[in-house]
Protein chains: 2
Amino acid sequence: MIPVSLRWVGDVAGHLELIDQTLLPAELSWLPCRDVPTVVEAIKSLRVRGAPAIGIAGAYGMALAAGEAIRGRMAAGHARAHVLARAEELATARPTAVNLRWAVERCVGMIDRLPSDADAAALATALLAEADAIHDEDRRLCEAIGLHGAAVLPEGGVLTHCNTGALATGGAGTALAAITTAWDSGRRFEVFADETRPLFQGARLTAWELVQRGIPVTVLCDSAAAHLLKTGRVAACIVGADRITANGDTANKIGTYGLAILAEAHGVPFFVAAPSSTFDLSLDTGAEIPIEERAAAEVLRPLGTAAAPDNAKAFNPAFDVTPARLISGIITEHGVISPVTREQIHLVLRARSLGNSP
Amino acid sequence: MIPVSLRWVGDVAGHLELIDQTLLPAELSWLPCRDVPTVVEAIKSLRVRGAPAIGIAGAYGMALAAGEAIRGRMAAGHARAHVLARAEELATARPTAVNLRWAVERCVGMIDRLPSDADAAALATALLAEADAIHDEDRRLCEAIGLHGAAVLPEGGVLTHCNTGALATGGAGTALAAITTAWDSGRRFEVFADETRPLFQGARLTAWELVQRGIPVTVLCDSAAAHLLKTGRVAACIVGADRITANGDTANKIGTYGLAILAEAHGVPFFVAAPSSTFDLSLDTGAEIPIEERAAAEVLRPLGTAAAPDNAKAFNPAFDVTPARLISGIITEHGVISPVTREQIHLVLRARSLGNSP
């Protein structure tokens, strides 16, 4: 079975459904989202997560905002103001991944192109079409990233961090798509998944996706990665990204930065896989990326059980920033950026500005 | 409150009690051990853990073996054979820490010095005295390590891994004793504890000990250490050791090796604190240290709750080996070995062979 993360159900009056990823792997449960607050809550609570997937959820959230305006019988001007207010709620549901704001702003751009007297129904039709387009594009981006990634992965075991598969995107994934594409092409190799504390996305989601696909997977504690790398069983590390700045610095799930240092120390190439929408060229370096701090309970109460005494504090950044110099290549839908320099990034992203989608 | 890990109750016919550390921090429960199988199970199940503490538990286990011989009314030769057989069971309960075998062999040495017709009661008296001596010595070693460690710790925050405090030893601890000794001397600094997957000894035990002592502690996921180091809030890392080879390579809790690489990458000194009994000069380098692999469930079912799907495998080494070149200094009861070279190790350990205990 090939998993998916979310889907739109019905026509313009329909709703978004997404897998509640907080319940995996114990339970596969679809959460219906009929209004924006439900989508925002799902994003904040990580029921849907992964930079591309929350971008798509945000875009469908815009269609739901127009649906709210229809149900509220809002006049055209009121409807537009309502949807734009919802846009800001959606775009700020999580701060680090740039895809969320990118997707929502793309929907806002669609609204801007509609006549000023477009009513709620016209907004809904246009926004659902835009969200569907973003979703469809993401499927194609994932496929292209999977192919480019499979081509660049060396023979041998692969170690990944967090979840970057179907659950994190609108298609087959980013880093995990590289792994599954290589596997589906007939190559055989060990796949290692960091469990990815604090929320265990590697153990819960990546391992689940691979098991669904019949690909053997070995889970390890994040802290065992150095020892694993020393054994020589890992030929490459590959991870996703939540935001990449103009110089190639990459924000991704906490633990990515440390893994990149360990990979370099063992001479193992370290790849990032992400659609070009992950680049935020308005930021010069990773020092400018806001890092989300999440609740202490994620650390102190793993899977809901207290691990630490009362009165212990927690340090819980959700992301860290890997400097470009530690990244062997960034795999995009347009190809692999390597070496990771401003110039190479500029060259590859020009394809995006030329509308050269795969 | 200053915690302790274990204690002997009563006279030569008495028994060992130890805190069942698997129940902390939720429950403080003393486990009575009246025979060797109970001690072996407690060591294997990590009810008692920490290289020095399991050494002391092994020594008291030898006294319990003699008690078994008394209760079994064994003749002198039979009693001695029984105790020596129990010695092997105790020494092999866990493979990586050298202190366990060291302590049990010290007790065997005591038996060897007794007359060949010594009966079970004589064995028990001598073995309890030897175990008490090992325990008393460990208290003094911890105090000396704490003082040497506090002196060498720079001003600023300290990051530690796993648990190396009172629960891991017969006294105040090793690495954690350096931290608490510095604190008790009036210095104030941030204390960070890696949670230490898979068994959360940092969150469960180190944080608990520090809270008991009234020292503020911040717990982090192991994978957040790189980001924390980058913030500049950590002036030094300090950890314990399970075995140190002749060249200074150090086996310790899984994750130590990775942390040492991260510390070096950020220019943060990395200290190991351990009694000289942790050195195994029969091994030339860390490549010769056996690394215990533990059950997959420790990874796949954190705190007893499934995190991964059925069919996922696990990679679960309990220890890793940090090469000497990554260690700024090894803090022993005789002083700090720095730089960590064969020559410096030899010089400091000569004090041990001269019986120059602190």
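First the proteins, then the strands, lettered A, B, ... as listed; each starts at 1.
With chain B as partner, the option from A:Leu24, A:Val217, A:Leu300 having the largest number of non-hydrogen pairs under 4.5 angstrom is A:Val217. The candidate from A:Ile291, A:Ile254, A:Leu220 with the greatest count of non-hydrogen atom pairs under 4.5 Å with chain B is A:Ile254. Contact tally against chain A (heavy-atom pairs below 4.5 Å) for B:Gly304, B:Ala260, B:Ala224, B:Ala225: the top residue is B:Ala224. Contact count against chain A (heavy-atom pairs under 4.5 Å) is highest for B:Ala307 among B:Cys221, B:Ala307, B:Ala314.
Of all heavy-atom pairs spanning A:Val219 and B:Ala312, the tightest one is CG2-CB, 4.2 Å. Heavy atoms only, all atoms of each residue included: A:Gly258 and B:Ala226 are closest at CA-CB, 3.5 Å. Residues B:Ala265 and A:Ile261 share a closest heavy-atom pair of CB-CG2, 3.9 Å.
For chain B, the nearby parts of A:Val299 are the backbone and the side chain; heavy atoms of each come within less than 4.5 Å. When heavy atoms are compared at a cutoff of 4.5 Å, A:Pro317 approaches chain B solely by way of its side chain, counted from C-beta outward. When heavy atoms are compared at a cutoff of 4.5 Å, A:Leu228 approaches chain B by way of both its backbone and its side chain. Contacts between A:Ala306 and chain B at a heavy-atom distance below 4.5 Å involve the backbone alone (N, CA, C, O).
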Walk me through whether B:Leu303 and A:Leu303 qualify under side chain to side chain contact (heavy atoms under 4.5 Å, CB included). CA-CA 8 Å; B:Leu303 301 173; A:Leu303 301 173; over 6 Å; no

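Side-chain contact between B:Phe200 and A:Pro302 is present, with at least one heavy-atom pair separated by less than 4.5 Å.
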Would you mind checking chain A against chain B for donor-acceptor pairs under 3.5 Å and listing them?
{"residue": "A:Glu195", "atom": "OE1", "partner": "B:Arg197", "partner atom": "NE", "Å": "3.3"}
{"residue": "A:Glu195", "atom": "OE1", "partner": "B:Arg197", "partner atom": "NH2", "Å": "2.5"}
{"residue": "A:Glu195", "atom": "OE2", "partner": "B:Arg197", "partner atom": "NE", "Å": "2.8"}
{"residue": "A:Arg197", "atom": "NE", "partner": "B:Glu195", "partner atom": "OE1", "Å": "3.3"}
{"residue": "A:Arg197", "atom": "NE", "partner": "B:Glu195", "partner atom": "OE2", "Å": "2.7"}
{"residue": "A:Arg197", "atom": "NH2", "partner": "B:Glu195", "partner atom": "OE1", "Å": "2.5"}
{"residue": "A:Arg204", "atom": "N", "partner": "B:Ala307", "partner atom": "O", "Å": "3.3"}
{"residue": "A:Val217", "atom": "O", "partner": "B:Lys313", "partner atom": "N", "Å": "3.0"}
{"residue": "A:Val219", "atom": "N", "partner": "B:Lys313", "partner atom": "O", "Å": "2.8"}
{"residue": "A:Val219", "atom": "O", "partner": "B:Phe315", "partner atom": "N", "Å": "2.9"}
{"residue": "A:Ser223", "atom": "O", "partner": "B:Gly255", "partner atom": "N", "Å": "3.4"}
{"residue": "A:Lys230", "atom": "NZ", "partner": "B:Val321", "partner atom": "O", "Å": "2.9"}
{"residue": "A:Gly255", "atom": "N", "partner": "B:Ser223", "partner atom": "O", "Å": "3.4"}
{"residue": "A:Tyr257", "atom": "OH", "partner": "B:His266", "partner atom": "NE2", "Å": "2.5"}
{"residue": "A:His266", "atom": "NE2", "partner": "B:Tyr257", "partner atom": "OH", "Å": "2.5"}
{"residue": "A:Ala307", "atom": "O", "partner": "B:Arg204", "partner atom": "N", "Å": "3.3"}
{"residue": "A:Lys313", "atom": "N", "partner": "B:Val217", "partner atom": "O", "Å": "3.0"}
{"residue": "A:Lys313", "atom": "O", "partner": "B:Val219", "partner atom": "N", "Å": "2.8"}
{"residue": "A:Phe315", "atom": "N", "partner": "B:Val219", "partner atom": "O", "Å": "2.9"}
{"residue": "A:Val321", "atom": "O", "partner": "B:Lys230", "partner atom": "NZ", "Å": "2.9"}

